[in-house]
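See below for the structure under consideration.
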Amino acid sequence: MSDRTRRFAQSGGAVLAAAAVLALPLVVTDRYLLKVLTFVGLNVIIVAGMAVLFGYAGQVSLGHAAFTGIGAYTCGFLTARAGWPWMTAVAAAVALSALGGLALALPSLRLRGHYLAMATLGFSVIANIVFVEAKSLTGGNDGLSGIPFASVGPVRLDTPWSNYLLVWGAAVVVVALVSGIVRGRPGRAMAALQGSEMGAMACGVDPVRVKVTAFTLSAGLAGLSGALFASAVGFVSPTSFALETSIILLAMVVLGGTRSVAGPVLAAVALTLLTYIDGLIPGLSKTTVAALQDWKGDIYGVVIVGVMLFVPAGMAGLARAWRRKSRSVTGAGEAA
Amino acid sequence: MSLLAIRDVTRVFGGLVALDGVSFDVHEGEIFSVIGPNGAGKSTLFNIVSGFDQPTSGSVSFAGREVAGERPHRLVRSGIARTFQNTQLFEELTVFDNVLAGTFPVTRAGVVAAALRLPRARREDRLAREEAHRLLRMVGLDGEADTLAEDLPHGLRRLLEVARALATSPRLMLLDEPAAGLDSAETRELASVLYRVRDAGATMVVVEHDMGLVMEISDSIVVLDRGCKIAEGPPMLIQKDPAVIEAYLGEEAGDDA
């Protein structure tokens with residue numbers, strides 16, 4: 001298959017997948033399942049941004065749950081307490097999380113590798129303390145409740161299926177936009193930077209600018225996800241945005257693989273469903289469910305370590321290697 | 001007027017004087033070589049001209065503009081491209097994508113244009129791809145477009161770096177030991193590529209140890225030894241220059257000891 005036909009097949013497949021996802025509420029009527037799938041969509045939005053940051057720009061963040069939190073609290077506070085219209089509140093939430101990303105990125109992207117991961121980890125911890133302590137804004141440990149549903153003009157999205165459509169509609173748009181970015185010139189600059197910083201500079205790429213862009217973008221998308229979460233659930237509390245969530249998100253992008261959007265998105269779907277597996281598969285015994293809950297953190301940890309050690313390019317890397325192999329086999333066949 | 005004017009460039013690392021008041025001019029359209037024994041300061045000079053290092057004192061002017069201390073990615077935009085002694089390819093990307101990355105400074109699409117796939121971003125992308133294909137043909141790598149850079153035979157890696165540097169549309173190309181590790185057939189191929197590059201209008205400064213290649217391709221040569229310029233002139237004169245012979249003989253005697 002030539003590159004052009006492959007690209008065509010890929011975009012055709014993407015359109016079909018998007019249509020199937022948006023048509024799903026026609027088939028799925030179970031409210032719990034719809035809610036779980038909505039959470040899947042929320043994670044897809046975050047992970048699409050982290051795919052840019054990790055898979056293309058090569059930056060490890062252990063703080064993205066904090067940006068989701070900033071988005072969730074901003075949207076929640078502005079709609080529930082300040083009476084802002086929903087759309088404006090969401091825009092403010094995205095802007096504020098992106099700004100938070102920018103503020104963290106500017107000083108810390110001069111750090112490399114583990115030191116950057118440490119800085120984002122520190123940020124995550126600090127943000128969580130703020131969520132707990134800034135009681136007048138966040139409601140502290142009790143959380144912020146009474147957040148109204150999303151509403152666009154006179155239309156209130158107050159049913160599970162309308163929230164599903166809202167979140168997945170946003171997810172589809174985000175994935176489409178992010179794919180454009182990574183396939184275009186900015187993505188090339190990021191991939192170059194990850195390949196060789198000196199080589200990238202010799203191609204006119206400004207490393208700091210590219211990394212800051214990727215960081216700000218991914219923080220903004222995490223904020224968008226948080227804002228949608230707040231209005232879909234109606235309640236926000238600090239535990240949702242703890243360090244563990246950041247680690248789960250990192251596990252998704254790492255497993256999904258580098259230089260791919262589809263890989264991390266699929267991994268986000270799989271690992272998010274794993275979290276709710278007890279409710280989704282009715283036949284599971286109590287002990288299995290308990291074991292899964294107990295070992296969840298370990299599963300994510302093992303996923304990160306295992307992938308980093310054995311398949312650093314993740315599922316997407318395996319797919320690429322497999323494609324190359326099958327292509328070279330056909331190539332040899334044609335030559336013979 | 002010269003394209004590149006180096007004036008009294010000195011670079012001191014701690015107590016070591018890597019470059020000591022070096023001056024020379026490179027004229028438009030030349031192939032200009034910098035030679036000298038190991039430790040003469042050639043790489044330091046290259047790093048300074050390409051912005052990867054800064055002179056302790058002295059001036060570097062390019063097309064009449066002072067550029068010493070400017071960042072590498074800015075210098076590429078003003079027309080100074082380089083290759084590296086230890087190739088800095090994007091190993092996990094294909095040969096084609098390596099060259100495509102080189103078009104970065106001559107394209108414009110930002111995050112928004114790329115995300116929305118605006119018509120101007122798509123048009124620009126198509127042109128960049130055509131240019132990358134053209135450059136691969138020019139260096140004879142069009143058959144390897146889909147090969148990963150890390151799988152490319154050593155001799156072709158340097159040609160790939162030349163193609164990538166060309167993609168930035170340079171006025172001045174700095175080639176750091178382009179023939180290192182090449183066999184004689186590959187060196188011949190390199191020389192013909194360099195002639196094609198010159199005919200396409202780029203001026204070249206080459207650091208090279210392969211004296212056969214240097215004497216063949218160079219219009220002009222500067223010789224450095226322990227950070228100082230000891231000779232400058234056309235290949236014919238450099239070959240006969242007593243100070244140059246002395247510097248190289250001294251190195252060989254040193255190596256034997």
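Numbers restart at 1 for each chain; the letters A, B, ... are given by sequence-line order, proteins then strands.
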task: Take the angle between the ring planes of B:Phe84 and B:Phe52 and call it parallel below 30°, perpendicular above 60°, tilted in between.
output: perpendicular
- prompt: So what's closer than 4.5 Å to chain B heavy atoms on A:Arg324: side chain, backbone, both or neither?
  reply: side chain
Atom group of B:Leu75 that falls short of 4.5 Å from chain A, counting heavy atoms: neither
- prompt: Hey, what do you get for OG1 (A:Thr216) to CG (A:Leu104), rounding to the nearest 0.5 Å?
  reply: 9.5 Å
- request: Considering only NZ, NE, NH1 and NH2 on the basic side and carboxylate oxygens on the acidic side, decide whether A:Lys211 and A:Glu197 come within less than 4.0 Å.
  value: yes
query: Between atom CE of A:Met50 and atom OG of A:Ser61, what is the distance when rounded to the nearest 0.5 Å?
result: 5.0 Å
query: What part of B:Thr107 lies closer than 4.5 angstrom to a heavy atom of chain A: side chain, backbone, both or neither?
result: both
query: Of the listed residues (A:Gly195, A:Cys203, A:Pro186), which shares the most heavy-atom pairs with chain B below a 4.5 Å separation?
result: A:Cys203
message: Heavy-atom pairs under 4.5 Å with chain A: which of B:Glu124, B:Glu91, B:Glu92 has the most?
response: B:Glu92
query: So which of A:Gly184, A:Gly204, A:Ser179 has the largest heavy-atom pair count under 4.5 angstrom toward chain B?
result: A:Gly204
statement: Under 4.5 Å to a heavy atom of chain A? For B:Glu161 that would be neither
message: To the closest 0.5 Å, what do you measure between CG (B:Leu175) and CD1 (B:Ile31)?
response: 9.0 Å
message: Please classify the contact between B:Thr147 and chain A as side chain, backbone, both or neither, with a heavy-atom cut-off of under 4.5 Å.
response: backbone
task: Determine the minimum heavy-atom distance between B:Gln54 and B:Gly69, stating which atoms define it.
output: CG-CA, 3.6 Å
- prompt: With chain A, which of B:Thr168, B:Val111, B:Leu89 has the greatest number of heavy-atom pairs at distances under 4.5 Å?
  reply: B:Val111
- prompt: Are the charged groups of B:Asp176 and B:Arg82 less than 4.0 angstrom apart, N to O?
  reply: yes
query: How many angstroms lie between atom CG of A:Leu228 and atom CG of A:Leu166, to the nearest 0.5 angstrom?
result: 5.0 Å
field: Interface moiety of B:Arg122 toward chain A, non-hydrogen atoms closer than 4.5 Å
entry: neither
field: Point-to-point distance, once rounded to the nearest 0.5 Å, from OG of B:Ser2 to CD of B:Glu28
entry: 10.0 Å
field: Leading residue by heavy atom contact count with chain A [cutoff under 4.5 Å; candidates B:Asp97, B:Thr87, B:Val76]
entry: B:Val76
Under 4.5 Å from a heavy atom of chain A, the part of B:Ile80 involved: neither
query: When only pairs under 4.5 Å are counted, which of A:Ala192, A:Ala191, A:Gly317 shares the most heavy-atom pairs with chain B?
result: A:Ala192
statement: Rounded to the nearest 0.5 angstrom, the CG-CD distance for B:Leu159 and B:Glu189 is 6.0 Å
query: When heavy-atom pairs shorter than 4.5 Å are enumerated against chain A, which of B:Thr103, B:Leu148, B:Val106 gives the highest number?
result: B:Leu148
- line: Of the listed A:Ser196, A:Ala176, A:Gly187, the one with the largest count of heavy-atom pairs under 4.5 Å with chain B is A:Ser196
